[in-house]
Every structure is written in C-alpha cells, then in structure tokens.
2 protein chains.
Amino acid sequence: MNLKELSEQLGLSQTTVSRALNGYPEVSEETRRRVEAFARKMNYQPNSNARRLATGKSYTIGHVVPLSDHDMINPHFSDFIAGAGEIYNRRGYDMLISVVNADTEKSVYESLSRNRRVDGVIVHGPRVKDDRLTILRKLKLPFVVHGRTSDPEDSFSWVDVNNRRAYHKAATYLLEAGHRRIGLINGWEYMTFALKRREGLETALRQNGIEPDPEIMVSSEMIEPNGHGAMKAFLAHRDPPTAVLCSSMLTAMGASRAVHESGMELGRDISLIGYDDCLSFLPAAGEYPSMTVMQSSIRLAGKHCADMLIDLIDGNAGHRNLLLEAEFVIGASTGPAPVMATT
Amino acid sequence: MNLKELSEQLGLSQTTVSRALNGYPEVSEETRRRVEAFARKMNYQPNSNARRLATGKSYTIGHVVPLSDHDMINPHFSDFIAGAGEIYNRRGYDMLISVVNADTEKSVYESLSRNRRVDGVIVHGPRVKDDRLTILRKLKLPFVVHGRTSDPEDSFSWVDVNNRRAYHKAATYLLEAGHRRIGLINGWEYMTFALKRREGLETALRQNGIEPDPEIMVSSEMIEPNGHGAMKAFLAHRDPPTAVLCSSMLTAMGASRAVHESGMELGRDISLIGYDDCLSFLPAAGEYPSMTVMQSSIRLAGKHCADMLIDLIDGNAGHRNLLLEAEFVIGASTGPAPVMATT
DNA sequence: AAAGCCAATCAAAGCGCTTTGGCTTCGCTG
DNA sequence: CAGCGAAGCCAAAGCGCTTTGATTGGCTTT
C-alpha cells in the first residue's frame with residue numbers, strides 16, 4: 001500500500017493525503033481525520049527511502065565505532081546505545097552503526113555525510129585533541145560529543161560528567177579521612193575524561209599540600225586484569241598508597257582482588273573507590289560487597305546525547321552543553337587511613 | 001556531485017555511467033576505466049537513498065534489541081555487533097539497530113519490512129519457542145538466528161555453538177576426575193542455549209548413572225552477583241557439589257568469589273568451569289587466575305551470522321547452518337574430586 | 001455586485017538513482 | 001552485398017514520496 005493507492009481509494013490527491021498525515025495546517029480537520037483513520041486501517045506506512053530521497057533528511061543518527069581486528073570494544077558502548085536507542089525510537093529516528101577500521105574513521109564521516117545517510121552523529125570517546133570535530137564542522141554535520149575535547153566548551157554540543165569534580169570530591173573525602181598517599185588506576189589519559197580525573201585528584205592533593213606521585217598513578221585500558229596488576233604493583237611499592245581511586249568498576253574489581261590476595265581487607269587496611277557507570281551487567285551497588293563509588297549512568301548519558309542531537313538537527317536549539325554530576329556513594333571499601341608506625 | 005553532473009562532465013549518459021560503476025557488462029572496458037577514474041577523482045558517491053528507492057534494496061541489516069526501561073542490555077551484544085559490523089562494513093552493508101520495548105518487538109519487524117528499511121535481520125537470543133520466526137517467515141524477510149529454536153533445524157538459517165556437546169564434554173571431564181555431584185549455574189532456560197547446556201550436563205550425568213539434582217542447578221540472569229549467590233547457596237547445601245559448571249565468565253567470577261570467601265580454593269576444594277565468550281573486556285585466559293573454560297568467540301559468531309545473512313539476501317545460498325564447537329581449555333580451577341570421608 | 005481573500009484541494013515537478021527498451025555501429029556470415 | 005547479431009551507448013520511465021505553484025469555490029469586503 002503506497003501513497004498513490006491510498007489517495008485514490010480516498011478520492012483525494014497525494015498532496016492532500018501527504019499533508020494530512022504529516023500534520024500540515026492546510027487540510028481540513030475532517031479530511032485529516034478521515035485520512036488518518038483510513039491510513040491506520042490500511043496499515044499504511046510511507047516508504048522511508050522515498051521520503052528520505054524527497055526530503056533529503058535521513059531520520060538516522062550515526063555512531064561510528066572505530067575498531068581494529070583485535071581491538072577491544074568498549075564495554076560501555078552497549079549501555080550507551082541502549083539509552084540513545086530508546087530516545088531515537090521514541091522520536092522516530094533510526095540508529096546506524098558503522099564499525100570501521102580506526103584508520104578509515106574520518107573518511108567514513110565524509111561518506112555518511114555526502115550520502116546523506118545520517119542527519120547527525122554522536123562522537124564517542126573524545127580525545128583531548130580530537131580532529132574528528134574539525135572534520136564534522138567542515139562537513140556541517142550536526143554532532144554531539146559524549147565527553148569533551150580541548151576545544152572551547154561552548155563551541156560544540158556535548159554531554160559530559162564532571163569528572164574533575166568527582167575525583168576532586170572523592171580525593172578530598174579520603175584526605176579528610178587522613179589518607180596522604182592516594183593512588184590512581186586510570187583509563188588512557190589521551191582520553192579527556194581520564195585526564196580530567198587525574199587533574200581532579202591532583203588538585204585535591206595539592207590543596208592539601210601533597211605533591212602527586214606519578215609512581216602510584218597508572219593509565220591503561222580499564223579492564224579487570226589491569227586493575228589487578230596495577231594494585232599489585234602499588235602494594236609492592238616501597239611506600240604504598242593507603243587509598244586508591246579507580247576509573248571503572250572493572251579495574252576496581254581487579255584491584256579488589258589484588259588486595260584480597262595480599263591478605264588485606266578493603267576499608268580497613270586500604271581504601272578503594274571505584275567508578276560505577278551503572279553498566280547493566282556489572283554488580284549493582286549493594287550486591288557486590290558494597291564499594292564506595294562515584295556513580296553516573298552511562299545509559300542516561302546516552303539518552304541525553306540523543307535528545308540533544310535531535311534537537312540540534314531539528315533546529316530547535318544551538319549548541320548545548322550538559323554537565324552531569326557524579327554521585328558519591330559511600331560503601332564499605334573506604335575507611336580512615338590506617339595508623340602507621342611512621343609519621 | 002551527483003550522477004547527472006558526473007555523466008555530463010564525462011560526456012556520457014547516466015545509464016552508461018551507472019552501469020560502468022556498478023560493474024555491468026554492457027560497457028566497454030575503456031569507458032569503464034575512464035568513468036571509474038573520474039568518479040574517484042570527483043569523489044563521487046551515489047546517493048544511497050536514491051539508490052535504495054530505485055532498487056528497492058536497502059543494503060541494511062537490522063538488529064532488533066528488545067529492551068524495557070530498566071532491563072539489562074546483554075553484555076554479549078557489543079561484541080557480537082563488533083564482529084557483524086566488520087563484515088557489513090566490508091561487504092557494503094549498513095547496520096541498523098532498533099532498540100524497542102519488548103512488547104512492540106514484533107510490530108517493529110513488520111514496520112522494518114514494509115518500509116523496506118532493511119534487507120534482512122539477525123535474530124538475537126532465540127527462545128525455545130520463538131514466534132519471531134513465524135513473523136519473519138510471513139514477512140518473507142531474510143533472517144539468520146544467532147542460536148536455535150525448537151523449529152526444525154533445516155527450516156531456517158542459524159549460527160550456533162554446540163552447547164550440548166560443550167557441556168557434555170566438560171561434565172564428562174569432571175566425571176572422569178571423580179566428581180559425582182556437579183552443579184550448574186545457568187542462564188535463563190527459556191533461552192535455547194541455556195536449555196541445551198543443561199541437557200548436555202544431564203546426559204553426561206545419566207551416562208554415568210547419576211540422576212541430576214535440580215537443587216544444585218539454577219537458572220537466572222548471567223551476572224556476577226547471581227554467580228556469587230548461587231555458589232554461596234550451593235556451598236550451604238547439605239550435600240554440596242564438588243564441581244560447578246557456569247554459563248558465563250561473569251557468573252563464574254561471582255562463583256569464584258564465593259568460593260574464596262568460604263576459605264576454599266578453586267581446583268583443590270572445588271572445581272569450577274566457566275564459559276568464555278571471549279568478550280573483549282573480560283579477563284583473557286591467562287590473565288585472570290587461569291580458569292578452566294569452554295570457549296567460543298561471540299565476535300566470530302557475529303561475523304558468521306553477518307556473512308550468512310548477506311549470502312542469503314544476495315540469493316547466493318539457501319538456508320545454511322553453522323554449528324561451532326566450543327573449545328575446552330583446561331586451567332587451574334579444576335582438579336580431581338576431593339576425597340571425602342564418605343563413600 | 002465586483003473585487004478580493006482565504007481555505008481546501010490538486011497537478012505536476014522534482015529528489016538521484018536504476019533499468020527497460022531502443023538505437024547505432026561494426027564486423028561477420030552466407 | 002544484404003542481413004544479422006553483438007557491442008556499446010542512450011533516452012526516458014519509473015521508484016514513492018514531498019513540495020511548489022496553481023486552481024477552485026465560498027465568503028467577506030467596499
């Protein structure tokens with residue numbers, strides 16, 4: 001059933017039927033109702049390719065996922081997608097995912113844009129210095145960044161967590177509990193979020209007259225074994241940290257495992273704070289031996305990004321920014337600094 | 001730059017240019033070369049919406065992800081997508097992901113099909129009795145199932161792991177090591193894969209004259225806390241299992257944690273076998289205290305599904321099936337059955 | 001009553017591609 | 001040398017929608 005048939009059966013022109021269905025004003029209420037009822041009855045749905053061709057809009061949002069053959073795919077990705085997808089669905093958009101080789105990523109944007117495959121894209125995992133923004137600007141393709149880059153904050157749309165403040169707050173909490181040596185198991189610091197986290201911690205340390213020690217700060221892929229390895233190394237340090245901040249639940253779990261292996265107990269012998277992205281498959285707070293965490297839902301961030309991008313596309317808004325605050329949830333993995341023989 | 005301009009500049013008709021670019025034979029080799037060179041130089045790419053409209057093909061594969069608001073999104077999903085996406089990319093297809101409310105899933109297939117949004121779909125997480133197949137058949141929409149249903153095996157295309165054999169094999173290995181009580185921490189058993197896993201275990205038990213005990217078999221969401229809870233319950237049983245099969249790494253990690261908490265040691269006091277889907281963010285074998293696992297890459301399965309579906313769409317093949325064997329990797333989490341006072 | 005307007009509708013022209021059917025050449029056969 | 005088939009090219013007709021630019025009739029305005 002296409003528009004032509006539909007309009008013939010209704011005894012109307014295609015124009016009128018199209019307008020009736022798309023909510024244009026120059027159609028009488030009565031006709032509109034009649035058309036809508038009949039369309040529903042006939043189960044009519046416009047052919048989206050035809051519509052796309054005619055309007056030049058694609059009603060599709062692109063997500064470009066750079067991924068080399070044996071790369072790891074970010075475990076956060078699916079939760080983000082889940083959140084964004086829900087909004088797309090609600091607002092009549094489709095989600096197009098391009099898995100591309102890292103080195104062809106940029107040309108993919110060009111191609112998506114030239115082809116009018118997508119009306120806009122979400123930029124994932126922004127680097128401090130990220131030339132994707134340059135490309136997208138040149139292409140005039142609307143985009144929203146999940147995170148930030150070093151570009152001026154008001155020069156593009158983004159949704160981000162206040163990572164700096166979160167880590168500042170967590171560190172301050174530890175400092176107030178008497179900790180003087182605070183380690184960091186971070187993600188890759190060429191990613192903006194990781195850099196800001198370190199800055200947050202360092203600022204808090206300096207405000208308390210402590211010079212950050214790079215020997216108890218590591219930056220790597222945020223997976224369990226890395227958390228385990230990093231914590232193990234920290235514990236073997238001549239002057240080990242009494243508290244450690246992690247950048248994910250996975251590394252926190254690894255770190256926690258290392259602590260247990262060494263016979264120590266979390267919250268008593270050493271304090272650990274994780275970062276909970278509220279990933280759906282990761283232990284919910286309360287289930288897993290309750291860990292002190294900074295917490296913010298990545299799925300929610302996905303929703304925000306999607307909404308913001310669609311607003312941008314519809315022209316209802318210019319650049320917008322959304323800075324989410326992570327919640328600080330105190331669990332059992334933190335406690336006062338152990339009393340040392342020294343000092 | 002569109003076809004019209006391109007052909008004008010080349011001094012050829014649109015027909016010829018289109019044919020040249022699409023590899024039709026009725027174009028001289030010389031012309032084809034000239035056209036191709038020029039198109040590349042001009043950076044021409046056909047407008048895909050126009051092409052879709054004209055051909056009725058969408059060059060897009062759909063993935064429908066049912067997801068209610070606070071549902072968990074399957075952690076396997078992103079790895080599967082990564083694998084499939086790579087193939088789509090290579091073979092010139094796009095990936096469309098629809099996140100839908102579980103209750104509207106079926107109508108989404110209709111809509112995707114009627115709209116010609118997709119040329120085919122991948123069916124995720126098949127149930128034993130799954131009416132999605134009925135719908136897709138009625139819609140004549142090509143599909144490949146990742147897993148199987150209770151429908152006759154040769155009546156549709158699927159890619160699956162030989163779950164039954166994997167669990168049979170793992171159980172037999174344990175039985176040969178003297179274990180007589182083997183527990184199971186399974187996924188939801190309305191999912192075919194989980195059902196087959198239990199069947200594999202039960203068959204092995206019966207072949208050794210042991211009646212399966214439902215009290216040491218649980219079925220639930222495969223996340224860490226559930227593994228932990230299940231194992232804790234098993235250990236508290238009046239006649240606890242000496243070995244346990246898990247259906248994922250997440251539950252295995254939870255189970256492992258429960259074992260450690262109880263002061264026991266894996267491989268000595270109790271044996272544990274996990275199922276490693278080779279998820280990119282999960283501890284690689286060797287890193288995590290090496291666990292005995294059944295192993296098969298879900299990312300690879302994604303690749304196979306994608307290839308199979310595209311073949312199906314292109315009409316190069318009828319129904320095809322691919323039964324992958326899981327590898328059995330012996331690690332340190334298994335050992336001979338502990339010698340009991342009894343027996 | 002003529003003029004003008006608004007509301008409601010329509011015919012037709014795109015959107016940029018593919019594909020059908022036809023038209024030249026040209027080389028070859030009988 | 002007529003006749004024919006193949007090779008190579010083209011014009012034009014879709015694909016199913018949106019949108020521009022009429023067109024109509026009924027009502028108000030002067």
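Proteins come first, then strands; the chains are lettered A, B, ... in the order of their sequence lines, and each starts at number 1.
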**Q.** Strand-adjacent residues in residues 41-62 of chain B, judged by heavy atoms under 4.0 Å from DNA chain D
**A.**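 Going residue by residue through residues 41-62 of chain B, the ones with a heavy atom under 4.0 Å of DNA chain D turn out to be B:Leu53, B:Ala54.
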Q | Nucleic acid contacts of residues 10-40 of chain A, taken as heavy-atom distances under 4.0 Å to DNA chain D | A |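 DNA chain D contact set from residues 10-40 of chain A: A:Gln14, A:Thr15, A:Ser18, A:Arg19, A:Asn22, A:Tyr24.
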Q: Answer yes or no: is there a donor N or O on one side and an acceptor on the other, between the side chain of B:Asn89 and the main chain of A:Val99, under 3.5 Å?
A: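 Answer holds: yes.
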(Q) Check whether B:Asp277 reaches the backbone of B:Leu279 with its side chain - one donor and one acceptor, N or O, closer than 3.5 Å. (A)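 Side chain of B:Asp277 to backbone of B:Leu279: no pair is present.
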Q | Distance (rounded to the nearest 0.5 Å) between A:Ser13 OG and A:Leu3 CG | A |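 Reported value, rounded in 0.5 Å steps: 8.5 Å.
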(Q) Under the rule for salt bridge (charged side-chain N to carboxylate O under 4.0 Å, His left out), what residues qualify as partners of B:Arg32, not counting sequence neighbours? (A)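 With sequence neighbours excluded, B:Arg32 shows a salt bridge (charged side-chain N to carboxylate O under 4.0 Å, His left out) to B:Glu29, given in chain and number order.
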Salt bridge between [X] and [Y], side-chain N to carboxylate O under 4.0 Å?
X	Y	value
A:Arg34	A:Glu30	no
A:Arg117	A:Asp94	no
B:Lys106	B:Glu110	no
B:Arg91	B:Asp311	yes

Q.
side-chain hydrogen bond (donor to acceptor under 3.5 Å, both in side chains), that's the test. Do A:Ser107 and A:Thr104 meet it? Break it down for me.
A. CA-CA 6 Å; A:Ser107 71; A:Thr104 53; 5.1 Å; no
Q: Count the heavy atoms belonging to other residues, nucleotides or ligands that lie under 6.0 Å from CZ of B:Arg114, then report whether that count exceeds 12.
A: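 Atom CZ in B:Arg114 is packed in, count exceeds 12.
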Q: Just report the end-to-end axis angle for the helix from C:dA1-D:dT30 to C:dG30-D:dC1, five pairs per end, to 10 degrees.
A: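 The value is 50°.
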**Q.** Residues in ring pair (Phe, Tyr, Trp, His ring centres under 6.0 Å) contact with A:Tyr59, at least two apart in sequence or another chain
**A.**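 Testing A:Tyr59 for ring pair (Phe, Tyr, Trp, His ring centres under 6.0 Å), a comparison that skips the adjacent residues, returns A:Tyr93.
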Q: Kindly assign one of parallel, tilted or perpendicular to the pair A:Phe156 and A:Phe143, based on the angle between their ring planes and the thresholds 30° and 60°.
A: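 Taking A:Phe143 first and then A:Phe156, their aromatic rings lie parallel (interplane angle under 30°).
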Q) Quick one: how far along DNA chain C does chain B reach, first to last nucleotide 5' to 3', anything under 4.0 Å to a heavy atom? A)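 Span of nucleotides near chain B: C:dG16 to C:dG21.
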